[in-house]
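Please read the structure below before turning to the comments.
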Amino acid sequence: MRWTLHFVVIFGVLAFSVVHAGEAGKDLKALQGEWQAVELIGQGKKATEEEVKQFRLVIKGNDLSIGNRKSTFKIDPTKSPKAIDVTPLDGPQKGKVIPGIYALEKGQLRICISNGPNDSDRPKEFKAEPGTGYVVITLERAK
């Protein structure tokens, strides 16, 4: 009986891991490529049209770049909202894990991530109110 229980527990953990890996793989595949910002909001303020035009995000595997800034990232689509952890490879936050959330909906990618005093707190919703330090980026596939 004891072996049966252990087998059931181990099988359950492995099955959950496979399902989780499948979901992460599906989202990771959908994220690949070049994305163009269509809206940027930080601290409750919308970026100018020119700033939005200049914001491009390129994702290859688990690497992402914005201009000449490079980062790696991990996603967890089983969380609600879906979680993303970005680790800059250069710049002032090099090596620091920055938690965020993401959504892939209707051909758009939305990301809400910390960029301020609470940069270790994961946002709970796609809002960038003044004082939170959160930034919401809405992107579409680059043409």
To check you understand the geometry: which heavy-atom pair defines the closest contact between [X] and [Y], and what is its length?
{"X": "G100", "Y": "D85", "answer": "N-OD1, 4.3 Å"}
{"X": "K79", "Y": "D76", "answer": "CE-OD2, 3.2 Å"}
{"X": "P88", "Y": "K96", "answer": "CD-O, 3.1 Å"}
{"X": "P77", "Y": "D27", "answer": "CB-OD2, 3.4 Å"}
{"X": "A30", "Y": "L104", "answer": "CB-CD1, 3.8 Å"}

So if you build clusters from Ile, Leu, Val, Met, Phe, Trp, Tyr with side-chain heavy-atom gaps below 4.5 Å, do [X] and [Y] land together?
{"X": "W35", "Y": "I41", "result": "no"}
{"X": "F126", "Y": "I137", "result": "no"}
{"X": "V136", "Y": "F55", "result": "no"}
{"X": "I66", "Y": "V52", "result": "yes"}

Once you round to the nearest 0.5 Å, how far does [atom1] of [X] lie from [atom2] of [Y]?
{"X": "R110", "Y": "L139", "atom1": "CZ", "atom2": "CG", "value": "11.0 Å"}
{"X": "I101", "Y": "I111", "atom1": "CD1", "atom2": "CD1", "value": "10.5 Å"}
{"X": "K127", "Y": "T132", "atom1": "NZ", "atom2": "OG1", "value": "11.0 Å"}
{"X": "Q32", "Y": "D63", "atom1": "CD", "atom2": "CG", "value": "9.0 Å"}

Between side-chain atoms of residues 44-51 and protein atoms elsewhere (two or more places apart, or another chain), which donor-acceptor pairs fall under 3.5 Å?
| unit_1 | atom_1 | unit_2 | atom_2 | d |
| --- | --- | --- | --- | --- |
| K46 | NZ | E39 | OE2 | 3.0 |
| T48 | OG1 | E51 | N | 3.1 |
| T48 | OG1 | E51 | OE1 | 3.3 |
| E50 | OE2 | Q54 | NE2 | 3.1 |
| E51 | OE1 | T48 | N | 2.8 |

Just by distance, no angles: are the side chains of E140 and Q108 close enough, under 3.5 Å, to form a donor-acceptor pair? yes
Do L31 and L64 pass the side-chain contact (heavy atoms from CB on, under 4.5 Å) test, and can you show the C-alpha distance, the side-chain angles, and the key distance before you say yes or no? CA-CA 10 Å; L31 290 169; L64 67 84; over 6 Å; no
Restricting to side-chain hydrogen bond (donor to acceptor under 3.5 Å, both in side chains), what partner residues turn up for D90, sequence neighbours left out? none
Determine the sole option in K53, K143, R56 for which the side-chain hydrogen bond (donor to acceptor under 3.5 Å, both in side chains) test with Q36 is passed. R56
Side chain N62, main chain F73, donor-acceptor under 3.5 Å: yes
Verify, without hydrogens or angle tests, whether R122 (side chain) and S114 (backbone) share a donor-acceptor contact under 3.5 angstrom. no
Evaluation steps, side-chain contact (heavy atoms from CB on, under 4.5 Å), between I113 and Y102: CA-CA 9 Å; I113 198 158; Y102 76 97; over 6 Å; no
